[in-house]
Amino acid sequence: MKLELVKDGRNRYRLKRTGKMAVEGIVYANEYLLPLIRKDKSLQQLANAASLPGVVGHVCGMPDIHEGFGLPIGGVMATARDGVISAGAVGMDINCGVRLLATNVSAADLSIPFLRKILTRMEEYVPAGVGRRGKHDFITAGVFEEVVHTGIKSLITRGCGRPDDLEKTEEGGCLPGADLGAVSPQACKRGAVQLGTLGGGNHFIELQVVKQVYDQAAGQSFGLYPGQLTVMIHTGSRGFGHQICNDYSKTLLAAARKHAIEVPDRGLACAPVDSKEGRDYYAAMACAVNFAFANRQLITHDVRRALGDIFACAQDELGLALVYDVAHNIAKWEAHSGSKVLVHRKGATRALPPGHPENPSIYRQTGHPVLIPGSMGTASYVLTGTEKASEAFFSANHGAGRVLSRTAAMKEITREQFERSMSSVLYNSRNYRELLDEAPGAYKDIDHVVETLAAIGMTRKVARLEPLAVIKGKD
DNA sequence: ATGTGC
């Protein structure tokens, strides 16, 4: 199948309908990003998604798009009530997402040894790395079950958080419709012991400094100002979501066959939204979504404790207010152009415009914060959405996006390149090879990625954050 | 992303 990508305005391309595509694709890229996007199977994967039953509007590729399992990472696909739901279009790490905490501390006052002390204490409190288990004894099987059904509220009522954390989390930290009855015993077994752990790969806890505020009003509303120390947390649903995605990829493949749905790629295995298999996947996915919100909540609690310890003061003297928490691997029912559609975002962030009723009331005027983590040596951004993003179901990119696979990064990036790219950032590893697959050189240029949408008014830049010190999971 | 495994 020959794919045709036609430029249609600045930084915007239409992927024309061909073969079995029911809708067109839209891809956002500038001149630097477009050749990178053409290098892998992203466009073919978008075209595959466009052929699924009940897909509506456009399938969209964000500027950080790259090849994934089924739907590309950086992809958005919406389906109607009579359409399908796909686990591969949500991703392996269900509700992978980002949180930002704002301190009232000036970053310039912090010495390198002091930052190192904070890193060490955070590492003590938050287990990091593949397969690690959580340290909080109160997370019994009963609490786990409560958490997956009620999200972050159950942790906040147990003293692991503040009341205002609730309204500063997407969906209030709980996606409705979760049912642990739809989750395999194996997934429960993995999940119950992993709450409050960081994981590996691109997950991190990072100390940052607000380098620039572009939008004073939004910056003020979000509590951000130049020179301020912030903490960013990037993690997801760990082995729990991973197991659910694997389990349901098989279930949904069989279901597609049963319902006579032609699946263009097993990564896009799917079932009708309104079938037993479709409803079960949604109920299981919602469990993993709530687990991931709770995971970031518990890590937030541990980060607040760690900073309180090292600064030797009460936590709230340091501020440490939650700015916001966004999901970037999720499927949700949302109203778009007057009808409810199931928006699958995989490596894409919801970005509601100012005034949109789904914004939390404290951010109604500005639009909620959209958090975009860079790679570990590069800047992160805080953005807001705009009305112009409606064609993308109010979505923005989710990060920088890979440009080298993990294996390619291990082969191609030298020690000198790694050390140069990390020269101004503290990190928690003695051996650079442990972090090579996450080197800044393995990622696209975050400034290009963010600018691609900002330049055409699909997002507005609010603040740029630069890394000071980072904890990554190591094996 | 992930006990990196059908």
Open item on the list: Let's go through A:H398 and A:D64 carefully: what are the C-alpha distance in whole Å and the side-chain angles of both, what is the deciding distance for side-chain hydrogen bond (donor to acceptor under 3.5 Å, both in side chains) to 0.1 Å, and is it a yes or a no?
Closed with: CA-CA 7 Å; A:H398 84 306; A:D64 53 341; 2.5 Å; yes
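- What separates CZ of A:R238 from C1' of B:dT2 is a distance of 8 Å, to the nearest Å.
- Contact between the side-chain N/O atoms of A:R406 and the OP1/OP2 oxygens of B:dT4 is not found at any separation under 4.0 Å.
- Straight-line distance from the CD atom of A:E438 to the C1' atom of B:dT4: 14 Å, rounded to whole Å.
- Atom CZ in A:F291 sits about 13 Å away from atom C1' in B:dT2, given to the nearest Å.
- Separating the CG atom of A:D247 from the C1' atom of B:dT2 is a distance of 13 Å, rounded to the nearest angstrom.
- Where A:C96 and A:N246 each meet DNA chain B at their nearest nucleotide, the meeting point lying more 5' is that of A:C96.
- Classified by interplanar angle (parallel below 30°, tilted 30° to 60°, perpendicular above 60°), the ring pair A:H136/A:H301 is tilted.
- Inter-residue side-chain proximity for A:H368 and A:K168 is flagged as unmet; no heavy-atom pair is nearer than 4.5 Å.
- Between the CD atom of A:Q243 and the P atom of B:dC6 there is a distance of 14 Å, rounded to whole Å.
- Note: CZ (A:F69) to P (B:dT2) measures 16 Å, nearest angstrom.
- In this structure, the NE2 atom of A:H203 is 14 Å from the C1' atom of B:dT4, given to the nearest Å.
- At whole-Å resolution of the value, NZ in A:K472 and P in B:dT2 are 11 Å apart.
- Using a 4.5 Å heavy-atom threshold, the side chains of A:F240 and A:N295 count as separate.
- Counting any heavy atom pair closer than 4.0 Å across all strands shown, A:G91 reaches no nucleic acid atom.
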